[in-house]
Amino acid sequence: MLDIRLIREDAPAVKARLATRSGQYADLIDLILACDARRRESETRVQHLRAEKNRLSKEIGGIKKSGGDSSELEAQVKGFSEEMEDLGRTASELDAEQRDLLLRVPNLPAPGLPEGHDADANVAIRHWGEPAPMNPEDHVAIGERLGLFDLERAAKISGSGYVLYTGAGARLERALINFLLDLQTRAHGYTEIAPPVLVRRECMEGTGQLPKFEDDMYGFDEGAAFLTPTAEVSLTNIHRDEILQESELPLKYTACTPCFRREAGSAGRETRGMIRMHQFDKVELVKICTPEQSEAELESLTGDAEKVLQLLQLPYRVLELCTGDIGFSSSRTYDLEVWAPGQGGYLEVSSCSQFGDYQARRMNLRYKNNEGKNVFCHTLNGSGTALPRLYVALLETHTKPGGPLILPEPLHPYFGASQIG
RNA sequence: GGUGAGGUGGCUGAGUGGUCGAAAGCAGCGCUUUGCUAAAGCGCCGUACUCCAAAAGGGUACCGAGGGUUCGAAUCCCUCCCUCACCGCCA
């Protein structure tokens with residue numbers, strides 16, 4: 001959520017920055033400004049009225065104490081209350097309306113981002129490894145040949161967009177999860193969390209999935225609860241409505257959870273195999289820090305995710321997303337794209353973002369700084385990494401046509417063997 | 001699901017209709033004294049919104065949430081949420 005003061009004080013600058021995103025927000029800002037003006041006006045009137053009422057009520061208390069007759073004053077105050085009811089209702093309605101409008105404004109892109117309205121303007125800032133030549137056997141064929149998973153039976157159980165890992169394939173998924181969590185906790189210092197995957201509506205608003213993207217989520221009880229689309233939601237909301245101590249920052253959390261997405265409107269796009277799923281596992285990294293720390297923390301977070309691909313010997317590239325391609329709540333994002341020889345292209349396996357105080361403001365997450373002031377925290381997150389696409393890249397990179405899957409060395413102890421098939 | 005007890009400021013905890021935004025203690029900040037740490041004394045110390053051109057200074061709201069009673073509610077009533085205890089059920 002943007003600071004209403006910032007919008008009030010410099011609406012043209014806010015509009016100009018939002019204009020670099022995809023989507024139109026200028027009208028929304030105007031609505032907010034109008035609402036803010038009306039809200040403050042009616043708030044001020046209620047407050048004056050209430051002040052007068054409080055004053056008279058105290059007077060009545062004094063009169064009663066000294067045994068006098070206060071019935072005239074009482075009648076007068078009673079008249080006040082009725083008048084106030086309407087005004088008060090208007091004020092609180094406007095307040096709710098303003099919050100609702102503010103929740104629909106995305107974060108401002110950080111200064112210095114490449115500008116552009118779609119993915120074409122993203123900038124590749126580094127490459128790692130040598131992309132293998134096209135593999136004629138893609139992960140679906142490899143998985144079938146080696147008996148690692150069964151997409152058809154998954155569809156029979158749950159529909160398209162689900163996977164049923166089988167035998168060694170299931171063990172490989174579990175080995176990957178353990179490898180990833182151990183890496184992020186032991187080598188990179190994240191605290192492992194096993195959170196609930198059903199979250200309240202407020203949490204989804206806190207991180208920014210709601211109110212705008214409700215159609216993409218699996219909701220329950222008329223929108224009171226949702227299956228998490230990412231562990232970002234539960235992890236970032238751990239300290240919602242809290243005031244942390246500056247000395248305990250940065251906080252670093254990781255969790256592996258299933259993620260649930262409707263993927264509405266994605267039918268036909270990248271739907272073969274396990275590239276786009278309604279349910280998938282993902283190891284998520286979340287940091288809560290001070291504004292001063294957040295720049296460096298984004299770089300190290302991205303490095304923590306990259307380490308996964310390096311250890312698994314999977315060539316990848318890092319993209320800096322342009323203003324039009326960053327997510328709703330993000331102010332800056334690096335995408336990690338792993339090379340998938342069976343696809344002949346790159347797959348996004350991690351998205352590392354900095355949110356500034358945008359999410360913290362939504363979830364009222366603050367820390368007490370060394371001067372004793374309460375300040376909104378900065379939040380960051382990134383995948384470390386998504387499992388199915390990592391799995392795809394692993395299969396397509398480390399399998400020769402008709403041959404076994406040769407596992408990279410770091411997975412051997414986790415899987416209990418060095419190859420499959 | 002049932003019964004009972006609770007939810008007060010960063011924390012602990014008093015307060016059952018009227019100068020209560022809320023005693024006291026702890027933590028924090030400042031000063032003084034002695035000193036290596038430490039200790040003692042004194043003072044300050046919630047948040048949000050809003051008014052004023054700004055500062056100074058006002059005002060309003062907030063004692064789990066929402067409603068109600070009343071001239072006036074942390075305090076009385078109702079509903080809901082959460083926590084704890086016991087019972088039931090259950091992986």
Side-chain angles (χ1 to χ4, degrees), chain A residues 1-10 32-103 194-206 220-226 234 237-249 251 258 288 290 357-358 360-377:
Chain A
M1 192 158 66
L2 299 184
D3 189 349
I4 180 63
R5 283 191 206 96
L6 176 67
I7 297 176
R8 208 144 66 198
E9 281 159 22
D10 201 353
I32 289 169
L33 285 171
C35 185
D36 181 53
R38 287 198 298 145
R39 188 199 105 240
R40 281 189 296 158
E41 191 201 323
S42 62
E43 222 163 78
T44 304
R45 287 170 63 196
V46 179
Q47 287 179 0
H48 284 327
L49 217 52
R50 216 167 263 165
E52 182 64 5
K53 181 184 160 190
N54 287 347
R55 196 181 61 75
L56 292 176
S57 288
K58 273 189 184 170
E59 218 171 285
I60 291 169
I63 293 172
K64 290 216 158 170
K65 202 167 257 178
S66 57
D69 174 24
S70 58
S71 52
E72 198 175 311
L73 267 183
E74 283 180 33
Q76 193 183 341
V77 176
K78 193 161 194 173
F80 266 59
S81 304
E82 284 154 20
E83 187 180 342
M84 249 163 41
E85 210 162 289
D86 262 4
L87 267 176
R89 196 174 314 114
T90 308
S92 56
E93 275 169 12
L94 286 170
D95 194 62
E97 185 184 331
Q98 180 172 320
R99 179 174 165 85
D100 187 62
L101 290 170
L102 278 171
L103 287 178
V197 295
L198 194 72
V199 297
R200 295 168 173 281
R201 183 177 193 88
E202 300 92 276
C203 294
M204 296 284 274
E205 284 180 354
F220 295 89
D221 297 338
E222 287 153 0
F226 294 82
S234 29
N237 276 284
I238 288 176
H239 298 289
R240 179 162 58 94
D241 273 321
E242 290 185 24
I243 299 174
L244 304 168
Q245 293 302 316
E246 177 159 5
S247 56
E248 60 187 321
L249 301 178
L251 289 167
I288 298 172
T290 69
D357 64 8
Y358 183 86
R361 202 178 281 282
R362 284 174 161 247
M363 64 178 75
N364 197 28
L365 164 61
R366 295 170 294 175
Y367 73 97
K368 199 172 275 296
N369 71 13
N370 291 332
E371 289 164 359
K373 284 263 183 218
N374 295 336
V375 183
F376 286 111
C377 299

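So that the names make sense, note that chain A is the first sequence line, chain B the second, and so on, each numbered from 1.
Figure legend. B/U83 is base-paired to B/A5; pairs are counted as Watson-Crick or G-U wobble with both atom distances under 3.5 Å. For B/U32, the paired base is B/A40 (Watson-Crick or G-U wobble, both distances below 3.5 Å). Across all strands shown, B/U60 forms a Watson-Crick or G-U wobble pair with B/A48, both key distances being under 3.5 Å. Here B/G18 sits opposite B/C71 as a Watson-Crick or G-U wobble pair (both hydrogen-bonding atom distances under 3.5 Å).
Remark: the backbone N or O of A/D95 is not paired with any side-chain donor or acceptor of A/R39 at under 3.5 angstrom. For A/N237 (side chain) and A/C203 (main-chain N/O), a donor-acceptor pair under 3.5 Å exists by modelled atom type.
Residue contacts for A/R8: at a heavy-atom cut-off of 4.0 Å it reaches the sugar-phosphate backbone alone, with no base atom in range.
For the segment residues 49-57 of chain A, residues with any heavy atom less than 4.0 angstrom from an atom of RNA chain B are, sorted by number, A/R50, A/A51, A/K53, A/N54, A/S57.
Along RNA chain B, the nucleotide nearest A/R39 and the nucleotide nearest A/R366 are compared for position; the residue whose nucleotide lies closer to the 5' end is A/R366. Map A/R5 and A/L73 each onto its nearest nucleotide of RNA chain B; the residue landing nearer the 5' end is A/R5.
Counting to the nearest Å, the C1' atom of B/U19 and the CD1 atom of A/I63 are 14 Å from each other. A/F376 places its CZ atom 10 Å from the C1' atom of B/A48, with the value rounded to the nearest Å. Between the CD atom of A/E43 and the C1' atom of B/C51 there is a distance of 11 Å, given to the nearest Å. At whole-Å resolution of the value, CD in A/E242 and P in B/G10 are 12 Å apart.
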- Go through the steps to decide whether A/R55 and A/E59 satisfy the test salt bridge (charged side-chain N to carboxylate O under 4.0 Å, His left out), and finish with yes or no. CA-CA 6 Å; A/R55 196 181 61 75; A/E59 218 171 285; 3.3 Å; yes

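Listed pair A/K78 / B/C71 meets the phosphate criterion, a side-chain N or O lying under 4.0 Å from OP1 or OP2.
Between B/A91 and B/C84, the distance separating the two P atoms is 23 Å to the nearest Å. Distance noted for atom P between B/G59 and B/G64: 25 Å (whole Å). Rounded to the nearest Å, the gap between the C1' atom of B/C62 and that of B/A73 is 13 Å.
Between A/R38 and A/E93, no side-chain nitrogen of the basic residue sits less than 4.0 Å from a carboxylate oxygen of the acidic one, so the salt-bridge criterion is not met.
Remark: A/E248 CD is packed, more than 12 non-hydrogen atoms of other residues, nucleotides or ligands lying under 6.0 Å away.
Contact check for A/L365 versus A/R240: no side-chain heavy atoms found under the 4.5 Å cut-off.
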